[in-house]
Amino acid sequence: MSASNRVSDTANPSVDLSGEEGWNEFDAPSLVGDSLRFVSGEPDGNRFRTRYYRDAEQHLHARIWFGPETEGPPGHAHGGSIAAVMDEALGLAAWAAGYPIVVGNLNVSFRAMLPIKKVVTLESQVVSVEGRKVMIHGKLFCDEETVYAEGQCLCITIPGR
Ligand SMILES: CCCCCCCCCC(=O)SCCNC(=O)CCNC(=O)[C@H](O)C(C)(C)COP(=O)(O)OP(=O)(O)OC[C@H]1O[C@@H](n2cnc3c(N)ncnc32)[C@H](O)[C@@H]1OP(=O)(O)O
């Protein structure tokens with residue numbers, strides 16, 4: 001069967017991206033517009049599905065479904081897909097904290113293979129602000145024992161924004 005005739009066995013699966021008690025859904029597009037399309041642009045697609053939240057302390061969290069089209073190693077997410085999620089979410093965390101930035105440097109440690117077709121949680125934290133440099137740390141996990149990736153993201157504020 002050619003690639004174009006292949007029918008996904010997971011077309012439009014239903015995915016639960018609900019948050020935790022105390023989280024409020026965060027309307028990311030109203031803050032940064034189309035900048036999130038690369039990861040978050042197809043909310044019913046088979047690549048990523050994301051929903052962002054903030055907690056009472058305004059930390060950004062997300063539920064993220066890694067769909068079948070994020071596959072790298074068989075049955076597991078491609079490292080680039082994980083890095084793309086970190087880039088978007090940790091950059092967005094800086095914007096959500098009031099810093100208009102681009103990402104200058106992103107370091108991702110892949111700690112465990114992330115199964116596809118799974119909803120995972122991202123948490124983030126602004127750890128320092130020095131001049132134009134805003135450091136955001138984050139991790140992708142499903143429970144305390146299972147961390148899939150950790151990210152350190154150096155964001156640089158954009159003058160004039
Ligand atoms: C817009 C909506 C965003 C929505 C949410 C975010 C999701 C998407 C996030 C992204 O993917 S952003 C796209 C990927 N990133 C880029 O394309 C950035 C490309 N790089 C640049 O545009 C410039 O290099 C940059 C604006 C980051 C810095 O250039 P500047 O000329 O404005 O700053 P400068 O080089 O003077 O550096 C300012 C400070 O930051 C430091 N710095 C800059 N880039 C760095 C870097 N890459 N690594 C480490 N430090 C860096 C630099 O050393 C310096 O430190 P000090 O003030 O202590 O001297």
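Start at 1 and go down the list; that is how both ligands and their atoms are numbered. The figures that follow rest on heavy atoms only: side chains count, while hydrogens, waters and symmetry mates do not. We're numbering straight along the sequence, starting at 1.
- Here is the list of ligand 1 atoms found below 4.0 Å of a heavy atom in Trp95: 1 (C), 2 (C), 3 (C), 5 (C).
- Within the 4.0 Å cut-off (strictly below), a protein heavy atom is located near atom 4 (C) of ligand 1.
- Judged purely by distance below 3.5 Å, without hydrogens or angles, the side chains of Glu69 and Asn46 never pair a donor atom with an acceptor atom.
- For atom 59 (O) of ligand 1, the nearest protein heavy atom lies 4.0 Å or farther away.
- Within 4.0 Å of atom 29 (O) of ligand 1, not a single protein heavy atom is present.
- Atom numbering of ligand 1 starts at 1 in the shown order; those under 4.0 Å from a heavy atom of Arg132 are 30 (P), 32 (O), 33 (O), 36 (O), 38 (C).
- Under a 4.0 Å criterion applied to the non-hydrogen atoms of Ser35, ligand 1 contributes the atoms 1 (C), 2 (C), 3 (C), 4 (C).
- Under the 4.0 angstrom criterion, atom 23 (C) of ligand 1 counts as lacking any protein heavy-atom contact.
- For atom 17 (O) of ligand 1, no protein heavy-atom neighbour is found at a distance under 4.0 Å.
- Geometrically, ligand 1 and Pro159 share no nitrogen or oxygen pair separated by less than 3.5 Å.
- The single protein non-hydrogen atom nearest to atom 14 (C) of ligand 1 is Val103 O, 3.8 Å, given as residue, atom name and distance.
- Tracing side-chain contacts under 4.5 Å through hydrophobic residues (I, L, V, M, F, W, Y), one never reaches Ile156 starting from Val126; they form parts of separate clusters.
- Here Glu130 has no heavy atoms under 4.0 Å from ligand 1, in either its backbone or its side chain.
- For the pair Asn24/Tyr53, no side-chain contact is recorded, criterion being any heavy-atom separation below 4.5 Å from C-beta on.
- For the pair Arg63 and Glu20, the salt-bridge criterion is met [side-chain N within less than 4.0 Å of a carboxylate O].
- Distance remark: protein heavy atom present below 4.0 angstrom from atom 40 (O) of ligand 1.
- Distances below 4.0 Å separate heavy atoms of Val102 from the following atoms of ligand 1: 12 (S), 18 (C), 26 (C), 27 (C).
- Applying the salt bridge (Lys or Arg N to Asp or Glu O under 4.0 Å) test to residues at least two apart or on different chains, the pairs with a partner in residues 92-114 are Arg111-Glu150.
- Of the protein's heavy atoms, Gly104 O, 3.8 Å lies nearest to atom 46 (C) of ligand 1.
- Considering backbone and side-chain atoms alike, Lys133 places an N or O below 3.5 Å from some N or O of ligand 1.
- Within a 4.0 Å radius of atom 35 (O) of ligand 1, the protein contributes no heavy atom.
- Enclosure of atom CZ in Arg47 is not indicated, since only 12 or fewer non-hydrogen atoms of other residues, nucleotides or ligands lie within 6.0 angstrom.
- Considering only heavy atoms from C-beta on, Met86 stays 4.5 Å or farther from Cys153 through its side chain.
- Between Glu88 and ligand 1, no N or O atom pair is found at a separation short of 3.5 Å.
- At a distance under 4.0 Å, a protein heavy atom can be found next to atom 50 (N) of ligand 1.
- Protein heavy atom nearest atom 10 (C) of ligand 1, with residue, atom name and distance: Asp87 OD2, 3.4 Å.
- Note on Ile158 and Leu31: same hydrophobic cluster, where clusters join Ile, Leu, Val, Met, Phe, Trp and Tyr whose side-chain heavy atoms are under 4.5 Å apart, directly or indirectly.
- Between His61 and Trp23, the two ring planes are parallel [angle under 30°; tilted spans 30° to 60°].
- Each side-chain hydrogen bond (donor to acceptor under 3.5 Å, both in side chains) pair with one or both residues in residues 123-144, not counting sequence neighbours, appears once here: Asp143-Thr146.
- Residue Leu140 forms a side-chain contact (heavy atoms from CB on, under 4.5 Å) with just one option from Leu122, Thr121, Val108, and that option is Leu122.
- Nearest protein neighbour of atom 48 (N) of ligand 1, counting heavy atoms only, is Leu154 CD2, 3.8 Å.
- Under the 4.5 Å side-chain criterion, counting only non-hydrogen atoms from C-beta, Tyr148 is in contact with Pro115.
- For the pair Tyr52 and Glu88, the minimum side-chain heavy-atom distance is below 4.5 Å.
- Scanning Ile156, Ile158, Leu92 for the heavy atom closest to atom 42 (N) of ligand 1 points to Ile156.
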